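Position 1 is the first residue of the sequence, and the numbers go up from there. Quick caveat, the model's predicted, so the values are computed rather than measured.
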Amino acid sequence: MLILEKEITLDELKHIEPVMYFDDMIKCVADIDKGLLAVNAEMHADLETLLLEHGSNQKSLYGFNIWEDGDIEFDSLINPPRNREAGYPRAGRYVADPDAREKIREVVEQWVNI
């Protein structure tokens, strides 16, 4: 688990630490206000905690997955509270707010060369 400090390639992301939790994807949490990206944990909640410990505001944090082909899947158990706050009470785990999805893409593009 770590917060990226330099831009990396998708291939580097797939091998970022000695312990990879999944073979075909990596779990991520973005702080869409600070532009931070935390990666590589068994659960999105662990990455959320890491960012909170580094001063992120919980309302700015969204979980998602990056698949081995570079596709972003906007699905995480940490997202329902953000969805409710954004006015999407029944959206479930998917990031329902299109503005938030765009900001997540921008954060990913800032840190990962896909």
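- Crowding of Glu42 atom CD: a count of heavy atoms from other residues, nucleotides or ligands under 6.0 Å not exceeding 12.
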Practice task
Determine, step by step, whether Asp11 and His15 satisfy the side chain to side chain contact (heavy atoms under 4.5 Å, CB included) criterion, reporting the C-alpha distance in whole Å, the side-chain angles of both residues, the deciding distance to 0.1 Å, and the verdict.
Solution key: CA-CA 7 Å; Asp11 191 54; His15 304 97; 3.5 Å; yes

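- Remark: side-chain polar atoms of Asn83 are not paired, donor with acceptor, to backbone N or O of Pro89 under 3.5 angstrom.
- Closest approach of Ala41 and Leu47 over heavy atoms only: CB-CG, 3.5 Å.
- With hydrogens and angles disregarded, no donor-acceptor distance shorter than 3.5 Å links the side chain of Asn113 to the backbone of Glu7.
- In this structure, OH on Tyr62 lies 5.0 Å from CD1 on Ile32, to the nearest 0.5 angstrom.
- Shortest non-hydrogen contact noted between Leu50 and Ala38 is CD2-CB, 4.4 Å.
- At least one donor-acceptor pair closer than 3.5 Å links the side chain of Glu12 to the backbone N or O of Thr9.
- In this structure, the separation between CD on Glu48 and CE on Met43 is 10.5 Å, given to the nearest 0.5 Å.
- Within the model, atoms CG of Asp46 and CG of Asn40 stand 10.5 Å from one another, a figure rounded to the nearest 0.5 Å.
- Side-chain contact between Leu36 and Val107 is absent, with no heavy atoms from C-beta onward closer than 4.5 Å.
- Using a 4.5 Å heavy-atom threshold, the side chains of Asp69 and Ile114 count as separate.
- With rounding to the nearest 0.5 angstrom, the SG atom of Cys28 is 8.0 Å from the CG atom of Leu4.
- Contact of the Ile8 side chain with the Trp111 side chain is not registered, since no non-hydrogen atoms from C-beta on lie closer than 4.5 Å.
- In summary, Glu85 and Arg82 engage in a salt bridge, as defined by a charged side-chain N under 4.0 Å from a carboxylate O.
- Looking at Arg101, its side chain does come within 3.5 Å of a backbone N or O of Val95 through a donor-acceptor pair.
- Considering only heavy atoms from C-beta on, Met25 stays 4.5 Å or farther from Glu68 through its side chain.
- Residues Tyr21 and Met1 fail the side-chain proximity criterion, which asks for heavy atoms closer than 4.5 Å.
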Problem - Evaluation steps, side-chain hydrogen bond (donor to acceptor under 3.5 Å, both in side chains), between His54 and Asp31 - result: CA-CA 11 Å; His54 284 84; Asp31 180 328; over 6 Å; no

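- Between the side chain of His44 and the main chain of Phe64, a donor-acceptor pair closer than 3.5 Å is present.
- Ile72 is listed as a side-chain neighbour of Val108, based on a closest heavy-atom distance under 4.5 Å.
- Two residues are said to be in side-chain contact when any heavy atoms from C-beta on lie closer than 4.5 Å; Asp71 and Ile66 fail this criterion.
- The environment of CG in Asp24 is crowded: more than 12 heavy-atom neighbours from other residues, nucleotides or ligands sit within 6.0 Å.
- Taking CH2 from Trp67 and CD1 from Ile26, the interatomic distance works out to 12.5 Å, rounded to the nearest 0.5 Å.
- In this structure, Asp97 and Ala86 approach most closely via the heavy-atom pair OD2-CB, 4.0 Å.
- Panel note: side chain Lys34, backbone Gly55; a donor-acceptor pair is recorded below 3.5 Å.
- In this structure, the separation between OG1 on Thr49 and CD on Gln58 is 8.5 Å, given to the nearest 0.5 Å.
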Practice task
Using the side chain to side chain contact (heavy atoms under 4.5 Å, CB included) rule, take Ile3 and Leu37 through it: C-alpha gap first, then chi angles, then the decisive distance, then the call.
Solution key: CA-CA 6 Å; Ile3 300 169; Leu37 184 59; over 6 Å; no

